[in-house]
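Each ligand, and each atom within it, is numbered from 1 in the order the structure gives.
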Amino acid sequence: MSRLRLPPLYAIVDPLDTDRAPTALAAAYLAGGARLLQLRLKDAPAPTLYTTALALRAVTRAMGALLVVNDRPDVAAAVDADGVHLGQDDVPVAVARVVLGPDRFVGVSTHDLDEARAALDAGADYLGVGPIYDTTSKAAALPARGLPLLRAVRALTDRPLVAIGGIDRDTAPAVRAAGADAVAMIGALARAADPTAAVRDVIARL
Ligand code: 3NM
């Protein structure tokens, strides 16, 4: 695929423990101006993930926004998402490509330079880089890497980098200045009193 361009906010739809519906969060983020949503429902049964992804595909398409499905190339392909995001424990990039074909993008989470080099060699279209700051949103998250890892990965590649982990509206500008094309957020959006206002605020700061 031609070089991927990501919007500055990579908004992850994961309600965490908030009891908010993923579809309500998605609508709120889009209303605030988000133009990329990743659907991340770690504990959802596959039928729930699929139907939620279908619903998000409809609303993202209506807004001209990108949709990424976390972990599951099969679900991404089934709902005609724009891409998939793979963790280190998911199928390899090449397998995702077989499932998704040439026109959808594949991102990979990386946590050190070796993982970043491996993801680049495997042909990832963008890299997740983190955790930048401490986070409670991911089970068994690694210790915070700070901005040095982001700068080091930036020096390796001009492919898009998505910084993740503990980023909020206050830290987002510095993270972007350190080389991230986009900043990813879960908790800062899902836990906000007004998620639409939170997205609007972050985008204005970026
Ligand atoms: N992946 P929050 S950190 C899903 O380092 C995820 O790969 C990470 O959530 C990684 O914005 C993380 O609430 C959690 O900190 C991000």
*Residue pair Arg154, Thr157: steps toward the side chain to side chain donor-acceptor pair (under 3.5 Å) verdict*: CA-CA 6 Å; Arg154 181 76 288 163; Thr157 182; 5.2 Å; no
Only heavy atoms of [X], strictly under 4.0 Å: list the atoms of ligand 1 that pass.
X      : result
Pro131 : 5 (O)
Gly165 : 3 (S), 15 (O)
Thr135 : 2 (P), 3 (S), 9 (O), 13 (O), 14 (C), 15 (O), 16 (C)
Gly187 : 2 (P), 11 (O), 13 (O)
Gly130 : 5 (O)

*Salt-bridge test for Arg61 and Asp82: reply yes if a basic N is under 4.0 Å from a carboxylate O, no otherwise.*
no
Would you mind checking which non-hydrogen protein atom is closest to [atom], with the distance to 0.1 Å?
atom                    : value
atom 6 (C) of ligand 1  : Ile164 CD1, 3.4 Å
atom 13 (O) of ligand 1 : Ser137 OG, 2.5 Å
atom 10 (C) of ligand 1 : His111 NE2, 3.5 Å
atom 11 (O) of ligand 1 : Ile186 N, 3.0 Å

*If you measure from atom 1 (N) of ligand 1 to every heavy atom of Lys138, His85, Gln38, which option wins on shortest distance?*
Lys138
Identify each donor-acceptor pair in which a side-chain atom of residues 139-152 lies under 3.5 Å from a protein atom, sequence neighbours left out, and give them as a table.
residue, atom, partner, partner atom, Å
Arg145, NE, His111, O, 2.8
Arg145, NH1, Pro143, O, 3.1
Arg145, NH2, His111, O, 3.2

_Distance-only N or O hit between ligand 1 and Arg40, under 3.5 Å_ = no
*Would one find an N or O of Met185, backbone or side chain, under 3.5 Å from an N or O of ligand 1?*
no
Taking side chain as C-beta onward, heavy atoms only, is [X] less than 4.5 Å from [Y]?
X     : Y     : value
Arg72 : Asp90 : no
Val68 : Leu37 : no
Pro73 : Val91 : yes

_Atom CG of Asp170: over 12 foreign heavy atoms under 6.0 Å_ = yes
*Using a cut-off of 6.0 Å, state whether more than 12 heavy atoms not belonging to Asp121 lie near its atom CG.*
yes
*Please answer whether the main-chain N or O of Asn70 pairs with a side-chain N or O of Gln38 as donor and acceptor at a distance below 3.5 Å.*
no
_Against ligand 1, does Gly166 come closer than 4.0 Å with any heavy atom?_
yes
